[in-house]
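Side chains included, hydrogens not; waters and symmetry mates left out as well; all remaining heavy atoms used. Sequence lines set the chain letters: A, B, ... in the order given, protein chains first and strands last, and positions in each chain run from 1.
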Amino acid sequence: MARPNEEVEALLREYADLIAITGGDAFKVRAYEKAARAIGGHPEDISRLDADGLRDIPNVGRSIAEKVVEYLRTGTVSVVEERRSRIPAGVRELVAIPTLGPKKALRLYEDLHISSVDELAAAIEADALHDLKGFGEKTQENILHGIALLRQAGGRIPLHLAMDAAEDIVAELSEVKGCRRCTYAGSLRRMKETIGDIDILVAAARSAPFMDALAALPSTAEVIAHGAKKRSVRTTKGVQVDLRVLPPVSWGAGLQYFTGSKAHNIRTRTIAVRQGLKLSEYGLFDVDSGTSVASRSEEDVYARLGLPWIPPTLREDRGEIDAALRGELPELVTERDIRGDLHTHTDLTDGLAPLETMVTAAAERGYAYYAVTDHAPNLYMQRMTDEKILAQRERVRALDGAHRGMRLLHGTELNIDPEGEVDWPDEFLAGFDLCVASLHSHFDLDRKAMTRRLVRACENPHVHVIGHPTTRLIGKRPEVDADWDEVFAACARTGTALEINSQPDRLDLCDEDILRARQYGAKFAVNTDAHSVLHLACLRFGVGTAQRGWLTPKDVVNTWPLSRLRRFLRKDGSV
DNA sequence: GCCGTTTTCGGCCCGACTGTTTTCAGTCG
């Protein structure tokens, strides 16, 4: 979503890279990186802020606020332009190569005038680096390897693939003799939508058996690093896995440390330092005496820092530390809170499983209610008709309550056309218990038209949920361009829920959009958009995303009892 | 460049691994 916050975030990140490459102060680099993150994640549109308003954003001070104001006014920042003129854009691309940082990038540019990834690959092939200081044979090999990976994967993998791989590895290592604890940590535990690498932690007295077991797994393609305390491998699917084995007494500190995020850890370490303590993966230590004061559990570590345990999905330095200090951490929505799925398909349209199969599987998940929402006629390839959907309604009514008492809602997934209209006239729509409405085409309308389209859908009294609101596909298709502040406000005003679509290639809304929509008081529905029984289990990713958006059960309509949900579906403001 | 119960200067998280400059710089998380 191209809004000023993201533009400025990208600009500040670029400036930070350029400072690093030209050998600037490392702390200055960090300051720009921190400010970039803060602005990118700021819920308010920064173009509506003046310099003082900008300085209220954490990690934005006088100098950066001035640069942002300059950018918003003129579209450029003179000092950034000045650095750009000294360092070609291609040199900055070099630091995206694993094992190649700003120092090596600058040497390549200054000594050999290499200013793109392609030029670097060619130079290595031509053996042009042979007497360049710091670029031995092994280093060149690593760079070539890194370039290949960069071109192949773009670096990150989808959450569900990482989860599958991690759960397999955890299961294997848990079987190794001497294993006291084993789990995954890192961005996977925080449920980020894409994962750079998988962090696995083991608590055991001896590390070697686990290091060897990891290297010996059939899924392991190559060993990248093999120290005594850390082992890194690459799987056959190209995912990097880092294994750390910790003494059992350090389990809590290790888990906290390797869960991150980096920004969250910097905050917790800073709190430790102020108390005369030092926090590492081995424990929380008194600086003077060197004695450990906490390490066995995450709860112990946080408690000794004066904090309650903070759920991993919140650990992004987006205000969770301050909320914890105030005792105001949200009671996050969990998978157990979800009473039903409000967006699912059957083989009447493009689902794989028949109605009865989906309903049975849903009942086995313990749901109190479940909505069947097959596609409406305007998604022409699905060939929906009035007769087919009415016949399905009869079958749904017949199954209502037949599985563990689970109540069934008959719904549909409508198509929002470019004008904001949906399939079927009002009187026909009134026959549904629930309507999801989604964008399925015309993704390239301009912002004004797209905003109007979505707002009109919200204003339709028969539309209860906006499905996968931005229609992004992670790594494939960007979010559609709309004034999301206006859309989110319309959702709150009209009592239309925003979907958090749990499909791992969607996760739409994403965490940052949720944080923004929440400011307007909008409600949400965490749905799977299941097209198969297996898809029902994707709910965990949607719930993880909702947690990353700080949502509580009261924000999520499908945690509510059916009676309350039905009042919400009346759209008359009675909830 | 940011920040402040260490408050306008001086610190900014900390440790691991790799390759090579053989005692440490660069990179990573």
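Around the CD atom of E137(A), the shell of radius 6.0 Å holds no more than 12 heavy atoms that belong to other residues, nucleotides or ligands. The number of heavy atoms from other shown groups lying within 6.0 Å of CZ (R336(A)) does not exceed 12. Residue E82(A) places its CD atom among more than 12 non-hydrogen atoms of other residues, nucleotides or ligands, all under 6.0 Å distant.
Listed nucleotides dC2(B), dC13(B), dA16(B) differ in distance to K262(A); the shortest reach to its side chain belongs to dC13(B). Taking the side chain of D197(A) as heavy atoms from C-beta on, and the options dG29(B), dC2(B), dG19(B), the nearest nucleotide is dG29(B). Distances were taken from every side-chain heavy atom of N59(A) (C-beta onward) to each of dC3(B), dG1(B), dC14(B); the shortest belongs to dC3(B). Among the nucleotides dC17(B), dC13(B), dG1(B), the one closest to the side chain of V273(A) is dC13(B). Comparing dG15(B), dC2(B), dC17(B) by their nearest atom to the side chain of E281(A) picks out dG15(B).
Ionic pairing of R472(A) and E193(A) is present here: one or more N-O contacts between side-chain nitrogen and carboxylate oxygen are shorter than 4.0 angstrom. Remark: R189(A) engages E298(A) in a salt bridge, criterion side-chain N to carboxylate O under 4.0 Å. The pair R234(A)-E222(A) meets the salt-bridge criterion, with a side-chain N (NZ, NE, NH1 or NH2) lying under 4.0 Å from an Asp/Glu carboxylate O. One finds a salt bridge joining R13(A) and E9(A) here, because a Lys/Arg side-chain nitrogen approaches an Asp/Glu carboxylate oxygen to under 4.0 Å.
If you check every strand for non-hydrogen atoms under 4.0 Å, R244(A) touches sugar and phosphate atoms only. Nucleic acid contact class of A263(A) (heavy atoms, under 4.0 Å, all strands): none. Within 4.0 Å (heavy atoms only), N142(A) reaches sugar-phosphate atoms of the nucleic acid but no base atom. V60(A) comes within 4.0 angstrom of sugar-phosphate atoms only, judged by non-hydrogen atoms across all strands, and of no base. Contact annotation for Y257(A): base contact, defined as any heavy-atom pair under 4.0 Å involving a base atom. Among the protein residues, K34(A) comes within range of no part of the nucleic acid, since none of its heavy atoms lies under 4.0 Å from any strand. At a threshold of 4.0 angstrom between heavy atoms, the contacts of N265(A) with the nucleic acid are absent.
Distance check on atom P: dT20(B) versus dC12(B) gives 32 Å, rounded to whole Å. dG15(B) and dG10(B): their P atoms are spaced 25 Å apart (whole Å). The separation of dT18(B) from dC13(B), taken at their P atoms, amounts to 25 Å, rounded to a whole angstrom. Nucleotides dC17(B) and dG11(B) place their C1' atoms 27 Å apart, quoted to the nearest Å. Here, dG26(B) and dT21(B) have their P atoms 12 Å apart, quoted to the whole Å.
Donor-acceptor pairing under 3.5 Å is recorded for the side chains of T470(A) and D508(A). For the residue pair S116(A) and D118(A), no side-chain donor N or O sits within less than 3.5 Å of a side-chain acceptor on the partner.
The residue among L279(A) and R62(A) whose nearest nucleotide of DNA chain B lies closer to the 5′ end is R62(A). In terms of position on DNA chain B, the residue among Y32(A) and A228(A) whose nearest nucleotide sits closer to the 5' end is Y32(A).
Between the C1' atom of dG29(B) and the CD1 atom of I266(A) lies a distance of 11 Å, rounded to the nearest Å. Atom CG of L243(A) is separated from atom C1' of dC28(B) by 17 Å (rounded to the nearest Å). In this structure, H226(A) atom NE2 and dT18(B) atom P are separated by 6 Å, rounded to whole Å. The separation between E141(A) atom CD and dG19(B) atom P is 9 Å, rounded to whole Å. Between I224(A) atom CD1 and dG29(B) atom P there is a gap of 10 Å when expressed in whole angstrom units. For the pair R55(A) CZ and dG1(B) P, the interatomic distance rounds to 13 Å; values are reported in whole Å.
Within residues 301-328 of chain A, no residue has a heavy atom under 4.0 Å from DNA chain B.
Side-chain nitrogen and oxygen atoms of K229(A) include at least one within less than 4.0 Å of the OP1 or OP2 phosphate oxygen of dA16(B). Residue Y282(A) places at least one side-chain N or O under 4.0 Å from the OP1 or OP2 atom of dA16(B). Under 4.0 angstrom from either OP1 or OP2 of dC12(B) there lies no side-chain N or O belonging to K28(A).
Every ring-ring contact (aromatic ring centres under 6.0 Å, His included) that Y32(A) has, sequence neighbours left out, goes to Y15(A). Applying the side-chain contact (heavy atoms from CB on, under 4.5 Å) criterion to T236(A), with sequence neighbours excluded, gives A221(A). Applying the side-chain hydrogen bond (donor to acceptor under 3.5 Å, both in side chains) criterion to T545(A), with sequence neighbours excluded, gives no partner residue.
Here the options are R181(A), R296(A), Q256(A), the test is side-chain contact (heavy atoms from CB on, under 4.5 Å), and the partner is W251(A); only R181(A) passes. When the options L314(A), T552(A), D337(A) are evaluated for a side-chain contact (heavy atoms from CB on, under 4.5 Å) with L332(A), the one that passes is L314(A).
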Could you write out each protein N or O paired with an N or O of nucleotides 20-22 of chain B at a distance under 3.5 Å?
from	atom 1	to	atom 2	distance (Å)
dT20(B)	OP1	G136(A)	N	2.6
dT20(B)	OP1	G136(A)	O	3.3
dT20(B)	OP1	E137(A)	N	3.3
dT20(B)	OP1	T139(A)	OG1	3.4

Restricting both atoms to N or O, compile the protein contacts to nucleotides 23-27 of chain B shorter than 3.5 Å, with distance only.
from	atom 1	to	atom 2	distance (Å)
dT27(B)	OP1	G101(A)	N	2.8
dT27(B)	OP1	G101(A)	O	3.1
dT27(B)	OP1	K104(A)	N	3.0
dT27(B)	OP2	K103(A)	N	3.1
dT27(B)	O5'	G101(A)	N	3.4

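Under the Watson-Crick and G-U wobble criteria, each requiring two contacts below 3.5 Å, nucleotide dT27(B) is paired to dA16(B).
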